[in-house]
Amino acid sequence: FHPVQPGDKPRPVLDDTSGESRAPLQLWSLPDGDDGQPLDKAQALHLAANACAGEIARLLGQARAGGLVLDGRALGAGDIAVLVRSHAQA
């Protein structure tokens with residue numbers, strides 16, 4: 001691997017004043033289907049999209065309540081990006 005360093009560009013600080021302790025990186029996994037087997041692709045994409053939208057709504061709600069501040073102002077929808085592998089997943 002090639003060692004990397006963060007860029008010199010200043011980054012705004014995200015301040016979570018909610019009092020909730022959260023890990024800097026969180027991994028989510030989808031549950032198995034009712035039959036105990038992995039979900040099919042369509043079901044998995046649907047659940048993943050709903051979970052992502054729900055988390056964005058939670059963050060924006062927390063920001064409106066004053067619990068998430070980015071660079072001195074409430075976190076806004078324009079501060080959030082969702083990265084996907086292909087255009088079809090967008």
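A quick note: this is a predicted structure, and the numbers were derived from the prediction, not measured. Starting from 1, each residue takes its place in the sequence as its number.
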Keeping Asp79 on the side-chain end and Gly76 on the backbone end, is there a donor-acceptor pair under 3.5 Å? yes

Hydrophobic cluster membership, Leu70 vs Leu60, 4.5 Å side-chain cutoff: yes

Does one hydrophobic cluster hold both Leu59 and Val82, with members joined at side-chain heavy-atom distances below 4.5 Å? yes

So how far is it from Leu75 CG to Ile80 CD1, rounded to the nearest 0.5 Å? 4.5 Å

If you round to the nearest 0.5 Å, how far is CG of Leu68 from CG of Leu14? 5.5 Å

Check whether more than 12 heavy atoms from other residues, nucleotides or ligands sit under 6.0 Å from atom CZ of Arg73, and answer yes or no. yes

Within the 4.5 Å heavy-atom criterion, are Gln62 and Thr17 side-chain neighbours or not? no

Quick one: side chains of residues 4-11, donor-acceptor pairs under 3.5 Å with protein atoms, not counting sequence neighbours, listed by atom name and distance.
none

Mind listing the closest non-hydrogen atom pair of Ala63 and Ala74 along with its distance? O-CB, 3.8 Å

Is a donor from one side chain sitting under 3.5 angstrom from an acceptor on the other, for Asp16 and Ser18? yes

Anything under 3.5 Å between a donor and an acceptor, one on a side chain of residues 28-41, the other on a protein residue two or more places apart or in another chain? List them.
| from | atom 1 | to | atom 2 | distance (Å) |
| --- | --- | --- | --- | --- |
| Asp35 | OD1 | Gln37 | N | 3.0 |
| Asp40 | OD1 | Ala42 | N | 3.2 |
| Asp40 | OD1 | Gln43 | N | 2.8 |

